[in-house]
Each structure stands twice: as C-alpha cells, then as structure tokens.
Amino acid sequence: SVLSSGINAEYGVYLWGCNKDAQVCPKKIALISKPMKMTGLNTVTVKQVSCGEGFTLSRTVDGRLYSWGRGKFGVLGHGDEQPRNIPTLITSLPFTDIVLIDAGHSYSAAVSQEGELLTWGKNSDGQLGHGHKDHTLVPTPIDTMGSHHVTKVACSRGDKGCFTAMLLDTGLVYTVGNGTLGRLGTGDSKNLLKPTKIPLSYFNKEKVADIVAGMTMCHAVTVTGSVYVWGSGNVGQTGLLEARRIRNFATERPKKVEALPKGRAVASISSSVDHVMVLVEGE
C-alpha cells in the first residue's frame with residue numbers, strides 16, 4: 001500500500017494515502033488524498049511514526065507504542081491477527097521505554113532505552129532473529145544479542161526475501177534473515193536465523209554510524225561519512241559504478257560507494273524499496 005505520514009510542531013500525526021486497511025483513519029474510505037489528522041492520538045504526544053504494508057506504528061515521548069491497520073501475522077503486536085481501525089496501545093511490550101521503531105513490509109521492530117531489540121510479525125525468512133521461522137504475535141526480545149546495545153534497526157522493505165539489520169553502540173552491524181544475493185553482507189548468500197556480525201574489516205575497519213535497508217540491499221554510513229552498500233540491485237540503487245555494467249548485480253560483502261563527492265561526509269541517508277538519498281555536508 002502507499003501511505004505517508006507527518007508530525008507537526010505540536011506532534012500531531014497526519015496521514016494520507018491508501019486506507020483499505022484503516023491504516024490512515026477508521027472511516028470506510030479507500031483513499032485519503034490529503035493529510036488527515038489522526039484524532040485517536042489526541043491524548044498522547046507522538047514522537048515517531050513508521051508505516052508498514054497496511055499498518056502503522058507510533059511511538060510516544062514516554063516510550064509507549066500504538067499500532068493500527070491490518071493485523072495479519074500479528075504485525076500489530078496485540079497477540080492476535082485481528083485488525084485495529086484506531087490507534088491501540090500495545091500492552092504486551094515488556095518495556096515501556098521504547099526509543100526507536102521501524103515497520104517492515106509485514107513485521108515490526110523496536111529498540112528500548114536499554115538497547116534491547118524487540119521484533120514481531122511475519123517471520124517466514126527468520127528476519128525476526130529468534131532462531132526460528134514462526135510468526136510472532138507480540139513484541140519479543142532477541143535474546144541471542146546478549147549484552148549488546150542496539151542503537152538502530154532497519155527492516156527490509158519487500159514482501160519476500162526479508163531481512164533485518166541492526167547497529168550496535170560499538171559501531172558494529174549485525175544482520176539476520178534471507179541472505180539471497182548477499183543482502184546480509186556477511187560474505188556469502190546464506191540465510192541466517194540468528195543475528196550475525198558483519199566483520200568490521202568489510203568497512204575498512206571504520207565503525208558504522210547509521211544503516212538503512214531497501215528491498216534487496218543495505219547501505220551503511222561510517223563515522224567518517226563514507227557510504228557502503230551490500231546486496232543486489234538492477235536499477236542503480238546500489239550506487240556502485242560497476243553495477244551499471246553487470247545485469248542482476250550483487251555483492252555479498254559491503255563495498256564503498258565511490259561516486260559520491262570526494263572529501264564530503266554523508267550526514268544522513270534514507271532508502272526506499274529501490275532508491276536511496278543522502279544528505280552531503282558542505283554542498
């Protein structure tokens with residue numbers, strides 16, 4: 001589905017786009033063509049929103065999560081697969097101090113203040129990181145991460161071949177899920193059911209500061225502002241010059257995007273299904 005959202009200066013949530021699953025508003029209108037304020041969140045202060053396929057997540061300033069829309073695979077986190085047509089508090093969260101959320105195509109992820117990563121929803125590729133492929137109906141911590149402190153999570157954007165990337169406070173990147181065409185960046189195309197570290201040497205021993213995920217590729221920004229990519233792409237989304245000469249290009253380990261302006265650090269990066277945008281300093 002196509003859904004957009006925005007937060008105004010007073011943290012009011014506005015949404016527009018496809019509404020066939022009530023992911024925009026509870027009205028029985030299939031298409032919302034202009035921004036509409038989500039009245040179901042009037043009593044809370046929203047800090048972040050994230051849009052998935054037919055569902056929406058929102059995080060309040062005090063770390064609580066609300067979800068609404070299509071409930072298939074338990075993506076809303078309420079312990080069932082029923083839809084919700086109004087923002088509904090996720091009461092099954094083991095933590096009440098969530099600082100980051102990300103909605104994938106049919107699964108969700110959240111990071112707590114303590115750096116614990118929780119995932120739930122569809123898990124056909126093992127992208128939830130729990131060591132199995134069973135769908136999960138409630139937010140569940142990834143216990144295999146041990147004492148690692150997660151600072152960022154990026155869910156893939158496609159409905160097939162799903163994977164998840166996570167960034168630690170140590171600057172290391174872990175990935176899990178479908179590894180087809182190198183989208184996990186671990187040096188091969190194996191599928192992984194538990195988060196696995198990408199060697200720091202693959203980033204020229206530079207610690208990573210940010211990560212984003214598309215449908216078949218990931219990009220990372222290092223602390224020096226360099227951009228690395230791994231995975232596949234045949235419409236130029238990797239940003240690698242060599243990809244233009246190879247049909248169905250793929251790289252199983254991170255490669256530096258050399259075509260960006262020399263001597264200019266990348267300050268911010270964003271990715272959709274098949275295109276990428278960066279904010280470059282000094283332009």
How close do [X] and [Y] get, counting heavy atoms only, and between which atoms?
X: T186; Y: K197; value: CG2-O, 4.2 Å
X: A213; Y: F163; value: CB-CE1, 4.0 Å
X: K256; Y: L240; value: O-CD2, 3.4 Å
X: Q127; Y: T164; value: O-OG1, 2.8 Å
X: Y66; Y: L41; value: CG-CD2, 4.0 Å
X: E53; Y: H105; value: CB-O, 2.9 Å

For the pair K152 and D210, evaluate salt bridge (Lys or Arg N to Asp or Glu O under 4.0 Å) and give the outcome as yes or no after the intermediate values. CA-CA 7 Å; K152 177 74 179 289; D210 197 7; 2.6 Å; yes
Any side-chain to backbone donor/acceptor pair from [X] onto [Y]? Under 3.5 Å, distance only.
X: N191; Y: G179; answer: yes
X: H78; Y: V138; answer: no
X: N123; Y: D134; answer: yes
X: T175; Y: V173; answer: no
X: S106; Y: K122; answer: no
X: S156; Y: G158; answer: no
X: R59; Y: V99; answer: yes
X: T151; Y: L167; answer: yes
X: D80; Y: Q82; answer: yes
X: T216; Y: S232; answer: yes

Heavy atoms, side chains only, cut-off 4.5 Å: are [X] and [Y] in contact?
X: L93; Y: L65; answer: yes
X: T119; Y: T140; answer: no
X: M166; Y: P195; answer: yes
X: M217; Y: S271; answer: yes
X: V176; Y: L193; answer: no
X: W68; Y: I86; answer: no
X: L172; Y: L200; answer: yes
X: S226; Y: V221; answer: no

R70 to F55, cation-pi by 6.0 Å centre distance and 45° axis angle: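 Cation-pi check for R70 and F55: fails.
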Please work out whether the ring planes of F203 and Y228 are parallel, tilted or perpendicular, with thresholds of 30° and 60°.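 Taking Y228 first and then F203, their aromatic rings stand perpendicular (interplane angle over 60°).
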Less than 6.0 Å separating the ring centroids of Y107 and H135?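 No, they do not, as the ring centres are separated by 6.0 Å or more.
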Give, for atom SG of C155 and atom CG of D102, the distance between the pair rounded to the nearest 0.5 Å.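 Those atoms lie 4.5 Å apart.
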Just verifying a value: how many Å separate I98 CD1 and E116 CD, rounded to the nearest 0.5 Å?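 I98 atom CD1 to E116 atom CD measures 9.0 Å (nearest 0.5 Å).
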According to a 4.5 Å side-chain heavy-atom criterion applied to Ile, Leu, Val, Met, Phe, Trp and Tyr, with indirect links allowed, do L192 and L181 form part of one hydrophobic cluster?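 No, L192 does not connect to L181 through the hydrophobic network.
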Any ion pair linking E252 and R183 (charged N to carboxylate O, less than 4.0 Å)?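 Salt bridge: no.
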